[in-house]
Peer 1: 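One structure coming up, written as structure tokens, with questions to follow.
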Number of protein chains: 2
Amino acid sequence: MPKFVSEFPIFSVTVDLVVLTIRDGVFSVLVIRRGEKPYAGRLALPGGFTQEREDIEDAAYRELKEEAGIGKGDVHLEQLQTFGAPRRDPRSRVVSVAWLALGADLPDPVAGSDAAAAEFRPVDEVLGSASPLAFDHADILSVGVERARSKLEYTGAAANYCPPEFTVGELRSVYEAVWGVELDPANFHRKVTRAEGFLSETGENTTRGGGRPAKLFRGSPRARLNPPILRD
Amino acid sequence: MPKFVSEFPIFSVTVDLVVLTIRDGVFSVLVIRRGEKPYAGRLALPGGFTQEREDIEDAAYRELKEEAGIGKGDVHLEQLQTFGAPRRDPRSRVVSVAWLALGADLPDPVAGSDAAAAEFRPVDEVLGSASPLAFDHADILSVGVERARSKLEYTGAAANYCPPEFTVGELRSVYEAVWGVELDPANFHRKVTRAEGFLSETGENTTRGGGRPAKLFRGSPRARLNPPILRD
DNA sequence: CATCTTATCGTCATCTTGACAATTGTCACC
DNA sequence: GGTGACAATTGTCAAGATGACGATAAGATG
């Protein structure tokens with residue numbers, strides 16, 4: 001039932017979402033189980049078609065809400081990369097704008113909605129080829145994960161994985177989960193507390209997590225970290 | 001004469017190019033003078049429509065050739081960002097994938113071709129609002145310039161602006177032109193020659209540029225510079 | 001109270017950086 | 001041939017950042 005006509009080549013534009021968070025200390029990504037062809041039954045990244053008069057960024061937020069029940073204030077969203085190989089979707093010519101969403105404590109998608117089939121899985125498990133993702137979503141995920149990892153080096157992006165107020169130890173555990181390494185607590189503490197404009201003290205303490213009470217901080221996710229914290 | 005039909009919303013996909021180089025020590029961008037509406041007579045970034053069965057990266061290379069006479073081996077090309085606001089093109093719904101191209105000594109576009117109206121202009125002049133660029137091309141250029149500047153910090157991208165073999169002084173002048181700063185020659189020399197995997201000596205010397213003969217190096221544009229060279 | 005756990009501080013050797021002086025090869029010119 | 005001019009390259013030194021690791025602090029738990 002064709003409804004649209006054009007004198008130029010026709011493209012569809014979709015958005016695909018790489019939604020990353022840390023669940024129980026494990027760096028995890030939101031995936032859905034596809035119900036329809038092509039790739040029915042396979043895991044895929046959430047996403048969908050951009051509408052006629054919709055900004056692509058709005059489309060990303062809309063899909064985030066529809067497919068994962070995640071609202072605008074719950075995540076940091078940034079554009080990742082656009083994937084436009086001619087055959088990436090067997091049905092028609094589809095160009096996909098991929099987005100990276102980083103969040104803390106994202107709610108489990110609600111059953112009964114579109115999001116029923118959505119769940120968080122460990123990044124390493126999804127990238128390990130046990131059951132490969134649909135379309136070129138494995139490529140998209142790889143790009144997203146690498147971007148997420150490198151953002152920790154030179155920005156305050158780690159705060160996106162934390163609640164609004166967090167301890168230095170919680171922040172360190174973000175680095176450890178995302179990079180898959182262990183960091184020296186004392187040196188990490190010195191580094192981040194001295195970095196200009198990175199953390200601001202709230203004046204409060206907390207004992208969640210046990211041990212000596214820790215100061216609570218607020219982060220500046222957009223801050224540039226200078227000098228950076230480098231991976232090996 | 002509509003030729004294409006679809007049951008999904010119709011988008012056109014274009015590529016726009018931010019082509020950067022250094023001309024006479026000035027950080028410069030390739031712009032064209034538009035001949036047609038909309039924005040006839042205004043400066044714009046080179047670009048054009050992606051074809052039906054064409055990879056968007058191939059479209060970027062094709063436009064580079066058609067509009068600027070620049071071949072695949074002449075530049076480093078990487079995807080920049082996609083711009084998809086609903087009204088960014090007054091004619092129809094156009095999503096543009098912007099690309100960043102970095103090159104050394106790019107040839108002056110050849111008169112008589114599509115590229116007749118193309119020329120390099122200083123980045124600062126084009127961004128200074130004397131005659132604003134068409135569409136949202138000023139935004140695209142800003143994003144491209146910022147990406148280009150930050151890539152110098154933590155990669156070997158500066159080598160893309162140099163001939164295949166270059167001196168440390170030539171490399172330094174790239175940083176100075178792109179960042180608009182002056183760097184201490186001695187410290188810069190120490191930094192880049194000691195960075196692992198960044199420069200490789202050719203064994204040759206040159207006296208172009210005057211002064212004491214300088215060693216020639218080859219660069220590794222993809223190398224990660226660790227630790228980075230930081231701007232202020 | 002003893003012990004466990006995590007936070008936070010201190011120390012020290014090493015590495016990197018910025019500032020700047022000193023030395024080195026070639027070229028142009030007298 | 002001698003003399004500057006010029007940019008490349010090397011050295012030096014103090015200040016700052018980093019990694020390794022020991023020491024102390026402050027609650028929770030039994």
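Residue numbers begin at 1 in each chain, while the letters A, B, ... track the order of the sequences.
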Peer 1: Would you indicate, yes or no, if C:dA7 has its OP1 or OP2 atom less than 4.0 angstrom from a side-chain nitrogen or oxygen of A:Arg172?
Peer 2: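 For C:dA7, OP1 or OP2 has a side-chain N or O of A:Arg172 closer than 4.0 Å.
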
Peer 1: Apply ring pair (Phe, Tyr, Trp, His ring centres under 6.0 Å) to the pair B:Phe166 and B:Phe217, showing each step before the final yes or no.
Peer 2: CA-CA 5 Å; B:Phe166 53 85; B:Phe217 295 86; 7.2 Å; no

Peer 1: How close or far is atom C1' of D:dG27 from atom CG of A:Leu216, stated in whole angstroms?
Peer 2: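 After rounding, the reported distance stands at 15 Å.
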
Peer 1: Can a salt bridge be assigned to the pair A:Asp16 and A:Arg88 using a cut-off of 4.0 Å between side-chain N and carboxylate O?
Peer 2: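 Salt bridge flag = yes for A:Arg88 with A:Asp16.
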
Peer 1: Whole Å only: how far is the CG atom of B:Asn226 from the C1' atom of D:dT18?
Peer 2: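 Those two atoms, CG and C1', are 13 Å apart.
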
Peer 1: Please figure out whether B:Lys215 or B:Gly211 has its closest DNA chain D nucleotide nearer the 5' end.
Peer 2: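 Result: B:Gly211.
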
Peer 1: Please give, in whole Å, the distance from C:dC15 C1' to A:Lys191 NZ?
Peer 2: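 Taking atom C1' of C:dC15 as the reference, NZ of A:Lys191 is at 13 Å.
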
Peer 1: Determine the contact category for A:Arg194: base if any of its heavy atoms lies under 4.0 Å from a base atom, sugar-phosphate if only primed atoms, P, OP1 or OP2 are that close, otherwise nothing.
Peer 2: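 Contact class for A:Arg194: none.
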
Peer 1: From CZ of B:Arg190 over to C1' of C:dA19, roughly how many Å is that when rounded to an integer?
Peer 2: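 From B:Arg190 CZ to C:dA19 C1': 10 Å.
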
Peer 1: A:Pro213 has a side chain; which of D:dA26, C:dT11, D:dA8 sits nearest to it?
Peer 2: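 The answer is D:dA26, which lies nearest to the side chain.
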
Peer 1: Which comes earlier along DNA chain C counting from the 5' end, the contact point of B:Gly210 or that of B:Pro228, where each point is its nearest nucleotide?
Peer 2: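 Closer to the 5' end of DNA chain C: B:Pro228.
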
Peer 1: Answer yes when B:Arg147 and B:Glu78 have at least one side-chain N-carboxylate O distance shorter than 4.0 Å, and no when they do not.
Peer 2: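 B:Glu78 and B:Arg147: salt-bridged.
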
Peer 1: Ion pair present between A:Glu153 and B:Arg224, side-chain N to carboxylate O less than 4.0 angstrom?
Peer 2: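 Counted as a salt bridge, because a side-chain N and a carboxylate O are separated by less than 4.0 Å.
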
Peer 1: Looking at C:dG18, D:dA26, C:dT8, which one has an atom nearest to any side-chain atom of A:Ala214?
Peer 2: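 Ranking C:dG18, D:dA26, C:dT8 by closest atom to the A:Ala214 side chain puts C:dT8 first.
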
Peer 1: How close or far is atom C1' of D:dT24 from atom NE2 of A:His189, stated in whole angstroms?
Peer 2: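 In whole Å, D:dT24 C1' lies 14 Å from A:His189 NE2.
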
Peer 1: From the set D:dT18, D:dG27, D:dT9, return the single nucleotide nearest to any side-chain atom of B:Ala186.
Peer 2: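 The answer is D:dT9.
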
Peer 1: Consider the side chain of A:Pro227, meaning its heavy atoms from C-beta on, and name the nucleotide among D:dA17, C:dC20, D:dC21 that approaches it most closely.
Peer 2: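 Within the option list, the nearest is D:dA17.
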
Peer 1: Any idea which of C:dT16, C:dG25, D:dG19 is nearest the B:Arg212 side chain?
Peer 2: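 Comparing C:dT16, C:dG25, D:dG19 against the side chain of B:Arg212, the answer is C:dG25.
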
Peer 1: Rounded to the nearest Å, what distance is computed from the CG atom of residue A:Asn205 to the P atom of nucleotide D:dA26?
Peer 2: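 Rounded to the whole Å, the gap is 11 Å.
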
Peer 1: Measure from CZ on B:Arg208 to P on C:dC27 and round the result to the nearest Å.
Peer 2: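 The answer, rounded to whole Å, is 15 Å.
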
Peer 1: What integer distance in Å separates A:Asn187:CG from C:dT11:C1'?
Peer 2: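 My rounded result for the distance is 12 Å.
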
Peer 1: Do B:Glu170 and B:Arg208 sit within salt-bridge range, that is, some charged N less than 4.0 Å from a carboxylate O?
Peer 2: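 A salt bridge links B:Glu170 with B:Arg208.
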
